[in-house]
Peer 1: 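Structure incoming, see below.
Everything numeric in this text was worked out from a predicted model, so none of it was measured.
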Amino acid sequence: MKKIFPLVAIVTIMSGCAQNLWYKPTARQGEFEVDRYACVQQSQQRLGMASVNRYGGSAIDQQITNDQVFSTCMTSKGWSLGRKEVVDSQIAQATAVNNSVKQQVAQVVEKIKAACASQEFREYYSKTACNTNDMSLAQLADNSKITEAQKIVFLKQQEVILAYNKEMYEVIRTAGPNGIREAENFKNFVQPLSEKNSLNLYMGNITWGEYNQRRKEIAREGQEAMRRNP
């Protein structure tokens with residue numbers, strides 16, 4: 001599962017002697033430039049005026065940026081403008097959360113890796129891979145179905161991994177809006193599909209190869225769902 005953590009994005013502007021910054025804890029790389037460009041375009045207004053006196057006349061026809069419209073646009077996209085010391089404090093808090101989440105995720109990942117390498121589940125992981133990216137051609141082409149002995153190991157493996165997935169879900173949810181979105185995508189989209197795939201294997205409706213192929217498809221579909229809903 002790809003992890004998304006808060007990315008602090010700031011842009012400095014000068015206002016007199018005060019230093020203000022645009023701040024968005026969940027911004028991705030390059031997001032400020034994209035949002036700023038869109039808001040600049042949205043806030044453009046035409047200024048036209050003419051004057052005439054006894055020496056002649058003059059006219060002005062130009063576009064200007066409406067600062068209020070620009071600020072409203074940026075705010076609607078999740079950006080906040082604040083004093084540097086306030087933003088610095090927010091950055092420190094976001095960084096602390098980010099580091100904590102990374103550490104907790106790493107701990108859960110190590111638990112999952114340990115389960116994958118466990119002799120207790122060797123019968124299961126000889127038929128599939130811990131990570132779908134590591135699936136072998138032989139595993140994808142396996143025409144055998146689950147045996148009664150494998151079912152016993154399979155149920156234990158599913159119970160352990162389900163607990164670790166739940167733990168990962170709770171950790172990722174603390175990573176801000178992007179983390180919540182990823183956690184909900186897993187809970188409401190990926191997990192139901194995975195459970196259905198596991199049930200089909202257990203009931204003998206599909207082969208190990210079909211189970212493995214579907215695992216890869218579900219992982220890909222989950223990533224695509226995240227990209228469709230940024």
Peer 1: As an exercise, state the distance from CG of N143 to CD of E210, rounded to the nearest 0.5 Å.
Peer 2: 8.0 Å
Peer 1: Distance alone, cut at 3.5 Å: any donor-acceptor contact between the side chains of S194 and R215?
Peer 2: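 R215 and S194 do not have a side-chain donor-acceptor pair below 3.5 Å.
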Peer 1: Looking only at heavy atoms, what is the nearest atom pair of F70 and V40, with distance?
Peer 2: CE1-CG2, 3.7 Å
Peer 1: Kindly indicate, with the supporting measurements, whether the criterion side chain to side chain contact (heavy atoms under 4.5 Å, CB included) is fulfilled by C73 and K77.
Peer 2: CA-CA 7 Å; C73 176; K77 295 179 181 297; 3.8 Å; yes
Peer 1: For L193, is there any backbone N or O sitting under 3.5 Å from a side-chain donor or acceptor partner on N197?
Peer 2: no
Peer 1: How about D67 and T65: do any of their side-chain heavy atoms sit closer than 4.5 Å?
Peer 2: yes
Peer 1: Between T72 and Q68, is any side-chain donor less than 3.5 angstrom from a side-chain acceptor?
Peer 2: no
Peer 1: Going only through I, L, V, M, F, W and Y residues with side-chain contacts under 4.5 Å, is there a path from I152 to Y124?
Peer 2: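 In one cluster with I152: Y124, no.
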Peer 1: I'd like to know whether NZ of K216 has more than 12 heavy-atom contacts from other residues, nucleotides or ligands below 6.0 angstrom.
Peer 2: yes
Peer 1: Indicate whether the side chain of Q158 and that of Y202 have a donor and an acceptor atom separated by less than 3.5 Å.
Peer 2: no
Peer 1: Show the nearest heavy-atom pair for residues K145 and G204, with the distance to one decimal.
Peer 2: NZ-O, 2.9 Å
Peer 1: Counting N and O atoms only, with roles assigned by atom type, does the side chain of S100 sit under 3.5 Å from a partner on the main chain of A96, one being a donor and the other an acceptor?
Peer 2: no
Peer 1: Out of curiosity, does Y125 fall in the hydrophobic cluster containing L155 (side-chain heavy atoms, cut-off under 4.5 Å, transitive links)?
Peer 2: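 L155 clusters together with Y125.
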Peer 1: Compare all side-chain heavy atoms of I112 with those of C130 and state whether any distance is below 4.5 angstrom.
Peer 2: yes
Peer 1: Taking atom CD of E170 and atom CG of N165, what is their separation to the nearest 0.5 Å?
Peer 2: 12.0 Å
Peer 1: Considering only heavy atoms from C-beta outward, does the side chain of W79 approach that of C39 to under 4.5 Å?
Peer 2: no
Peer 1: I'd like to know if R36 and E33 make a salt bridge, using a cut-off of under 4.0 Å between side-chain N and carboxylate O.
Peer 2: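 Salt bridge between R36 and E33, a charged N being under 4.0 Å from a carboxylate O: no.
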Peer 1: Do Q191 and E195 have side-chain N/O donor and acceptor atoms under 3.5 Å apart?
Peer 2: yes
Peer 1: Between W22 and D35, is there a side-chain heavy-atom distance shorter than 4.5 Å?
Peer 2: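 D35 vs W22: side chains apart.
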Peer 1: Salt bridge check: are E123 and K156 linked by an N-O gap of less than 4.0 Å?
Peer 2: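 Result for this pair is no, no salt bridge flagged.
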Peer 1: Which atom pair, heavy atoms only, marks the closest approach of A219 to T132?
Peer 2: CB-OG1, 3.7 Å
Peer 1: Which distance, rounded to the nearest 0.5 Å, do you find between the CD1 of I172 and the CD of Q104?
Peer 2: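 Separation between the atoms: 9.0 Å.
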Peer 1: Assess the residue pair Y169 and K187 against the criterion (side chain to side chain contact (heavy atoms under 4.5 Å, CB included)); give the C-alpha distance rounded to whole Å, side-chain angles, the decisive distance to 0.1 Å, and a yes or no.
Peer 2: CA-CA 8 Å; Y169 169 83; K187 179 181 179 181; 3.5 Å; yes
Peer 1: Quick one, M168 and V109 - any side-chain contact, counting heavy atoms below 4.5 Å?
Peer 2: yes
Peer 1: Side chain of N66, backbone of S43: donor and acceptor closer than 3.5 Å?
Peer 2: no
Peer 1: Could you check if a side-chain atom of V101 sits within less than 4.5 angstrom of a side-chain atom of V171, using non-hydrogen atoms only?
Peer 2: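 Yes, their side chains come closer than 4.5 Å.
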Peer 1: Working to the nearest 0.5 angstrom, can you tell me the gap between F189 CZ and E224 CD?
Peer 2: 8.5 Å
Peer 1: Give the C-alpha distance, both sets of side-chain angles, the deciding distance and a yes or no for side chain to side chain contact (heavy atoms under 4.5 Å, CB included) between T147 and Q150.
Peer 2: CA-CA 5 Å; T147 65; Q150 289 170 346; 3.1 Å; yes
Peer 1: Mind checking the CG-NZ spacing from N99 to K102? Nearest 0.5 Å is all I need.
Peer 2: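 With rounding to 0.5 Å, CG (N99) is 6.5 Å from NZ (K102).
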Peer 1: Any side-chain donor paired with an acceptor under 3.5 Å for T128 and N212?
Peer 2: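 Looking only at side-chain atoms, N212 and T128 do form a donor-acceptor pair, the distance falling under 3.5 Å.
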Peer 1: Is it true that E148 and K151 make a salt bridge, defined as a side-chain N closer than 4.0 Å to a carboxylate O?
Peer 2: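 Looking at E148 and K151, the cut-off is met.
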Peer 1: Side chains of E120 and Q157: does their closest heavy-atom pair fall under 4.5 Å?
Peer 2: no
Peer 1: Heavy atoms only: give me the nearest V69-Q45 pair and the separation to one decimal.
Peer 2: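 Heavy atoms of V69 and Q45 come nearest at CG2-NE2, 4.4 Å.
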Peer 1: Are W208 and I206 in one and the same hydrophobic cluster, where Ile, Leu, Val, Met, Phe, Trp and Tyr link if side-chain heavy atoms are under 4.5 Å apart?
Peer 2: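 In one cluster: yes.
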Peer 1: Taking atom CG of L140 and atom CZ of R214, what is their separation to the nearest 0.5 Å?
Peer 2: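 The distance works out to 14.0 Å.
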Peer 1: Do I161 and L199 belong to the same hydrophobic cluster, where Ile, Leu, Val, Met, Phe, Trp and Tyr are linked whenever their side-chain heavy atoms lie under 4.5 Å apart, directly or via other members?
Peer 2: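 Per the 4.5 Å side-chain linkage, I161 and L199 are co-clustered.
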Peer 1: Tell me, with the steps shown, if V160 and F121 meet side chain to side chain contact (heavy atoms under 4.5 Å, CB included).
Peer 2: CA-CA 10 Å; V160 170; F121 302 133; 3.8 Å; yes
Peer 1: I'd like to check I146 versus F154 (side-chain heavy atoms, cut-off strictly below 4.5 Å). Are they in contact?
Peer 2: yes
Peer 1: What is the minimum heavy-atom distance between R173 and I180, and which atoms define it?
Peer 2: O-CG1, 3.3 Å
Peer 1: If hydrophobic clusters are built by linking Ile, Leu, Val, Met, Phe, Trp and Tyr wherever their side-chain heavy atoms come under 4.5 Å apart, do L201 and M135 end up in the same one?
Peer 2: no
Peer 1: Indicate the atoms forming the closest heavy-atom contact of K127 with Q139, along with that distance.
Peer 2: O-CG, 3.7 Å
